[in-house]
Amino acid sequence: MLSSKIRNLFQIAINKAIAASDLGELKSFSDYIDVERCKNPDHGDIAVSIALKLSREAKLAPVKIAQSIVKHLDVVAIGDISIAGPGFINIRLNWDFLESALVEIHQEKDNYGRLSKEARADMEPHRFLIEYVSANPTGNLHLGHGRQAVLGNSLARLLDWAGYDVSSEFYINDAGVQIEKLSLSAQAAIQIQEGHITKENYPVDAYPLDSMLDVLKPEIYKAKLKGYLDAASLAGDQAKEIAGKLAKSLFLDLQKKVLADIEVHFDTWYSENENLHQVKINDKNKIELICETLKAVKVKQEDVTEHHEAGENAEIGVPLHAHEVSAVYEEDSALWFRAKSFGDERDRVLRKSQGMFTYLAGDIAYHKDKFDRGFDKLINVWGSDHHGQELGIRGAIQAIGYNPDQLELIFIQLVSVKEDGVEKKMSKRKGTIVNVDELLAEVGKDALRFFLVDSQANNRMVFDLALAQKHDKDNPVYYIQYAHARSASIFRNLVSPRINIVDNTEEAAIFEVDELERLLNEEFKTFSANFKKLFSDEYHSEEQLKTIRSLVLELIELPKLVIDAADIRAPYKISVYLKNLASLFHQFYNENRIIGENEEVMKARLSLVAASKIVIKNALSILAISAPEKM
RNA sequence: GCCCUCGUAGCUCAGCAGGAUAGAGCAAGUCAUUCCUAACGACUAGGUCGGAGGUUCAAUUCCUCUCGAGGGUGCCA
């Protein structure tokens with residue numbers, strides 16, 4: 001990869017410079033060397049600012065340092081060096097290098113940007129588990145879930161591209177009070193449809209009746225509740241349980257379908273009820289077991305200052321006695337976790353005085369189970385309203401012996417929808433919740449995914465419905481897809497017969513199909529060293545060359561981008577990249593004709609078109625957005 | 001009150017492990033099209049990077065304070 005090549009060359013040059021005592025007081029160096037693209041193309045292609053950073057330690061002027069480094073720098077094979085501004089070392093890459101970089105794209109094709117096997121071997125063998133959406137099976141998925149789904153799924157794909165072993169999971173929260181509430185709601189919804197009670201009698205604290213009626217259609221529930229449909233049986237506990245189970249599976253199916261429709265797939269659907277409540281060892285389920293595990297954990301408890309003897313050597317606040325206590329304790333007949341000892345602001349209840357376990361208790365058991373299944377890096381994508389749970393779960397993980405850094409939390413901020421120019425906040429109370437399937441029907445999968453991934457997770461976002469609905473130039477998704485379709489179109493035209501406009505006669509296609517295949521699969525995959533000649537002022541204007549150079553630099557950026565974006569867990573970087581790349585491609589397309597040029601120039605440009613097509617398609621595929629051949 | 005995010009062009013957002021003139025798209029205005037898809041392109045205009053201090057050769061980027069928006073702060077999930 002370009003940046004690591006350059007980084008190595010600089011490291012060597014700096015070592016040599018130090019050995020030659022050219023770098024003043026700097027005696028050794030092994031820091032990360034930042035290799036970045038020049039913001040201004042007039043400066044060059046690649047900029048390294050290391051001389052500025054070393055200035056202080058070396059006690060030399062940055063420009064002096066830059067000169068010393070350059071003296072020992074061997075980048076002749078890559079390009080020309082210049083020192084500019086306060087001490088930047090700029091590299092203008094030569095065409096041989098750019099062509100060889102482009103050849104890599106043609107060689108790797110659909111895998112270009114994916115971390116290679118060799119690179120993978122160097123990485124720490126982490127196993128990631130990314131948990132996202134995890135909605136209760138008590139309703140449809142709204143846009144907030146949609147954003148979690150798209151960001152979580154895109155991140156999982158990105159990590160996979162970056163070479164990590166990653167698995168994704170949906171935690172089905174199917175135990176406890178919300179399932180109780182669901183059963184109640186489902187029972188009442190059926191009773192209403194059967195005419196046993198009126199809508200006015202629907203429980204006030206139940207889930208919205210409309211959403212219940214959406215899934216509990218008579219033809220569905222009648223089969224399940226055969227024999228329980230009379231007023232008396234339907235009112236009973238058995239009917240309630242059956243109705244609850246039915247509603248649960250219907251909502252789960254609905255959620256699965258919606259997620260599948262936006263190409264969000266999970267490796268596992270993890271049921272809280274089945275895995276944590278039902279599986280028992282020695283008559284104890286995993287939640288009870290985790291409480292015992294925590295009970296066995298000892299925490300240092302400090303008695304401070306009270307028995308302190310005043311004296312010359314006494315320091316206020318230093319504990320006299322430190323003794324060990326269990327990480328859980330009983331108080332007011334509830335079971336508490338000493339979360340405060342693990343960084344939380346206060347202790348947390350695990351088992352309520354009524355005997356039920358809290359959500360936290362289940363969540364701790366769940367996370368323990370994730371580790372037990374062999375995952376060592378857990379990423380949870382949560383709605384920002386779950387922010388308050390962070391310290392509790394982190395503390396518990398630490399208490400049971402894991403490094404809290406093994407858990408990463410990504411909080412997704414709310415989405416509001418802008419419709420007819422007016423921003424509407426999503427509110428259950430106001431009935432302004434927008435569901436994923438509704439929006440999907442309006443804008444389609446590609447636009448929905450793109451818009452939801454296109455901003456940082458911890459920014460609140462506004463979904464501009466009108467913009468996403470536009471099937472034209474204003475819509476960035478189409479702008480990017482159009483770039484791909486345009487490149488595809490060139491290839492179609494190359495192998496299609498042409499009509500001569502002058503005399504309306506048919507002319508042969510420029511390439512036979514197999515000729516084009518050979519070009520793409522053989523010629524473009526070999527380094528022919530003719531870009532130097534073809535991409536010169538002999539065949540191109542200064543403006544054209546500038547665009548071409550920018551395009552190539554952008555294309556070969558993908559592998560580094562994948563790694564950087566994965567490292568900071570930022571799939572939106574890919575969408576930002578795609579917008580830039582598409583823009584450069586369109587610009588290139590407008591400035592450079594392919595068909596009708598002399599063969600050598602045509603092939604050179606075609607090589608760029610083909611490479612652009614590959615890179616755009618791959619980047620889109622990271623986001624699970626389609627790359628149409630035709631629009 | 002305390003904790004966590006966010007505040008960059010009229011709108012939606014990039015840029016920020018400090019670096020050269022802060023960038024895109026939309027909206028506004030001008031131009032361009034006999035030719036591979038105009039779902040394109042070129043150009044113009046639009047910014048005290050919320051505000052005030054501090055650290056630094058260098059701050060939109062780091063630190064402190066402050067203002068504004070959102071979220072959290074249950075024996076809810």
Side-chain angles (χ1 to χ4, degrees), chain A residues 32 34 36 38-40 42-43 47 49 52-53 55-56 61-62 84-88 90 136 138 173 175-178 181 331-336 345-346 348-360 362-363 383-391 411 413-414 416 418 421 423 425 451 454-464 467 470-479 481-483 485-494 496 498 501 510 543 568 572-573 575-577 579-580 582-583 585-597 602 605-606 609 630-631:
Chain A
Y32 184 82
D34 230 350
E36 45 198 335
C38 285
K39 283 173 195 151
N40 182 341
D42 293 337
H43 292 142
S49 59
L52 294 152
K53 293 187 168 62
S55 170
R56 180 184 310 204
F88 289 96
N90 294 323
N136 296 340
T138 56
N173 213 212
V177 295
Q178 75 281 4
K181 182 170 154 186
E331 194 175 293
D332 303 330
S333 64
L335 187 70
W336 293 74
E345 51 203 16
R346 56 181 186 78
R348 305 276 169 181
V349 172
L350 295 173
R351 197 190 60 231
K352 304 179 216 171
S353 53
Q354 303 294 326
M356 277 184 88
F357 286 101
T358 58
Y359 182 84
L360 175 66
D363 219 23
S384 61
D385 53 333
H386 288 68
H387 184 254
Q389 291 163 232
E390 174 167 6
L391 293 176
F411 292 102
Q413 295 264 353
L414 292 176
S416 56
K418 193 163 110 183
E423 189 180 332
K425 276 189 192 160
F451 274 77
D454 191 35
S455 65
Q456 290 190 62
N458 46 11
N459 277 358
R460 284 207 315 284
M461 78 163 289
V462 179
F463 193 101
D464 188 334
L467 182 60
K470 278 191 181 175
H471 284 220
D472 65 22
K473 58 180 174 175
D474 298 347
N475 190 333
V477 192
Y478 288 87
Y479 180 81
Q481 290 181 321
Y482 182 44
R486 266 182 144 178
S487 63
S489 159
I490 293 174
F491 289 103
R492 272 198 306 278
N493 286 313
L494 283 168
S496 307
R498 298 183 301 154
I501 310 162
I510 292 169
E543 198 189 353
I568 60 167
Y572 78 92
K573 292 262 182 198
S575 69
V576 171
Y577 169 76
K579 286 191 273 193
N580 278 329
S583 167
F585 178 80
H586 286 306
Q587 198 180 330
F588 167 78
Y589 180 95
N590 277 286
E591 289 171 2
N592 299 276
R593 283 197 58 81
I594 310 292
I595 294 170
E597 294 295 327
M602 174 178 70
R605 289 181 186 167
L606 201 53
V609 175
K630 221 179 212 180
M631 287 174 78

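Just so it is clear, the model here is predicted, and its values are computed rather than measured. Atom set for the values below is all heavy atoms of this structure, side chains included, hydrogens, waters and symmetry mates excluded.
- Rounded to whole Å, atom C1' of rG70(B) lies 15 Å from atom CE of Met461(A).
- For the pair Gln456(A) and rU8(B), the criterion of a side-chain N or O lying under 4.0 Å from OP1 or OP2 is not met.
- Listed nucleotides rA77(B), rC36(B), rA39(B) differ in distance to Arg593(A); the shortest reach to its side chain belongs to rC36(B).
- The ring pair (Phe, Tyr, Trp, His ring centres under 6.0 Å) check on Phe585(A) picks up nothing, with sequence neighbours excluded.
- Nucleic acid contact for Val609(A): none, since no nucleic acid atom lies under 4.0 Å from a heavy atom of the residue.
- Counting any heavy atom pair closer than 4.0 Å across all strands shown, Lys573(A) reaches sugar-phosphate atoms only and no base atom.
- Residue Arg460(A) has its side chain nearest to rA69(B) when only rC40(B), rA69(B), rA20(B) are considered.
- Contact between the side-chain N/O atoms of Lys352(A) and the OP1/OP2 oxygens of rC76(B) is found at a separation under 4.0 Å.
- Across all strands shown, Asn173(A) has heavy atoms under 4.0 Å from sugar-phosphate atoms exclusively, and none from any base.
- The residue Ala47(A) sits close to a base: some heavy atom pair falls under 4.0 Å.
- Distances from the side chain of Ile594(A) to the nucleotides rC75(B), rA20(B), rC36(B) place rC36(B) closest.
- Mapping Arg486(A) and Asn458(A) onto RNA chain B via the closest heavy atom, the residue that lands nearer the 5' end is Asn458(A).
- Contact of Asn90(A) with rA20(B) (side chain to base): a donor-acceptor pair of N or O atoms is detected under 3.5 Å.
- Note: CD (Gln354(A)) to P (rG74(B)) measures 19 Å, nearest angstrom.
- With distances taken from any side-chain atom of Asn590(A) to the nucleotides rU73(B), rG41(B), rA14(B), the minimum falls on rG41(B).
- RNA chain B is contacted by both Asp34(A) and Gly388(A); Asp34(A) maps to the nucleotide lying nearer its 5′ end (nearest heavy atom per residue).
- Here Phe491(A) pairs with nothing under the ring pair (Phe, Tyr, Trp, His ring centres under 6.0 Å) rule; sequence neighbours left out.
- Proximity note for Arg346(A) (side chain, C-beta onward) versus rC36(B), rC75(B), rC40(B): the nearest is rC75(B).
- Across rU21(B) and rG15(B), the matching C1' atoms stand 15 Å from one another, rounded to whole Å.
- Formation of a donor-acceptor pair under 3.5 Å by the Asn592(A) side chain with backbone atoms of Phe588(A) is found in this model.
- Within the 4.0 angstrom heavy-atom criterion, base atoms lie near Ala485(A).
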_Under the 3.5 Å Watson-Crick or G-U criterion, the dot-bracket string of RNA chain B, with | for inter-strand pairs_ = (((((((..((((.....[...)))).((((.........)))).....(((((..]....))))))))))))....
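- Contact annotation for Tyr572(A): backbone-only contact, meaning every heavy-atom pair under 4.0 Å involves sugar-phosphate atoms and none involves a base.
- Applying the salt bridge (charged side-chain N to carboxylate O under 4.0 Å, His left out) test to Arg486(A) and every residue at least two apart in sequence or in another chain returns nothing.
- Here Arg351(A) lies out of heavy-atom contact (under 4.0 Å) with every strand.
- For the P atoms, the distance linking rC62(B) with rA14(B) amounts to 15 Å, nearest Å.
- With sequence neighbours left out, the salt bridge (charged side-chain N to carboxylate O under 4.0 Å, His left out) criterion links Asp332(A) to no other residue.
- Using a 4.0 Å heavy-atom criterion, one finds that Asn592(A) contacts the bases of the nucleic acid, with or without backbone contacts as well.
- Protein atom NE2 of His386(A) is 19 Å distant from nucleotide atom P of rU5(B), rounded to whole Å.
- Of the side-chain N and O atoms in Lys630(A), none sit less than 4.0 angstrom from OP1 or OP2 of rC36(B).
- Using a 4.0 Å heavy-atom criterion, one finds that Asn40(A) contacts the bases of the nucleic acid, with or without backbone contacts as well.
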_nucleotides 58-63 of chain B: protein proximity per nucleotide (B base, S sugar-phosphate only, - neither; heavy atom, under 4.0 Å)_ = ------
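- A side-chain donor-acceptor contact under 3.5 Å links Gln178(A) to the backbone of Asn173(A).
- Contacts of Tyr32(A) with the nucleic acid, taken as non-hydrogen atoms under 4.0 Å apart, include base atoms.
- Remark: the Ser353(A) side chain and the rC75(B) base include a donor-acceptor N/O pair separated by less than 3.5 Å.
- In this structure, the nucleotide among rA77(B), rC75(B), rA69(B) sitting nearest to the side chain of Tyr359(A) is rA77(B).
- Taking only side-chain atoms of Trp336(A), from C-beta outward, the nucleotide of rA77(B), rC75(B), rA20(B) with the closest atom is rC75(B).
- Contact check, Arg605(A) against rC36(B): no side-chain N or O comes under 4.0 Å of OP1 or OP2.
- The two residues Glu390(A) and Phe411(A) make their nearest non-hydrogen contact at OE1-CE1, 3.4 Å.
- Nearest to the side chain of Tyr479(A), among rA77(B), rA39(B), rC40(B), sits rC40(B).
- Distance Glu543(A) CD to rC43(B) P: 8 Å, rounded to the nearest Å.
- Just one residue in the list Ile510(A), Ile490(A), Asn493(A) forms a side-chain contact (heavy atoms from CB on, under 4.5 Å) with Ile594(A), and that residue is Ile490(A).
- Aromatic stacking is not marked for His387(A) over rG71(B), as the cut-offs of 5.5 Å for the centres and 30° for the planes do not both hold.
- Annotation: rG23(B) and rU44(B) have their P atoms spaced 13 Å apart (nearest Å).
- Stacking between His586(A) and rA38(B) is absent: the ring centroid is not both under 5.5 Å from the six-membered base ring centre and under 30° in plane angle.
- Within the 4.5 Å cutoff, no side-chain heavy atoms of Val349(A) are placed close to those of Leu360(A).
- Between the side chain of Ser575(A) and the main chain of Tyr572(A), a donor-acceptor pair closer than 3.5 Å is present.
- In this structure, Thr358(A) contributes its side chain and Arg351(A) its backbone to no donor-acceptor pair below 3.5 Å.
- A 4.5 Å side-chain heavy-atom check between Ser384(A) and Arg460(A) finds every atom pair outside the cut-off.
- Separating the CD1 atom of Ile595(A) from the P atom of rC35(B) is a distance of 13 Å, rounded to the nearest angstrom.
- Note on Gln389(A): a base of the nucleic acid sits closer than 4.0 angstrom, heavy atoms only.
- For the pair Lys579(A) NZ and rC13(B) C1', the interatomic distance rounds to 6 Å; values are reported in whole Å.
- Side-chain proximity of Cys38(A) to rG41(B), rC16(B), rA20(B): nearest is rA20(B).
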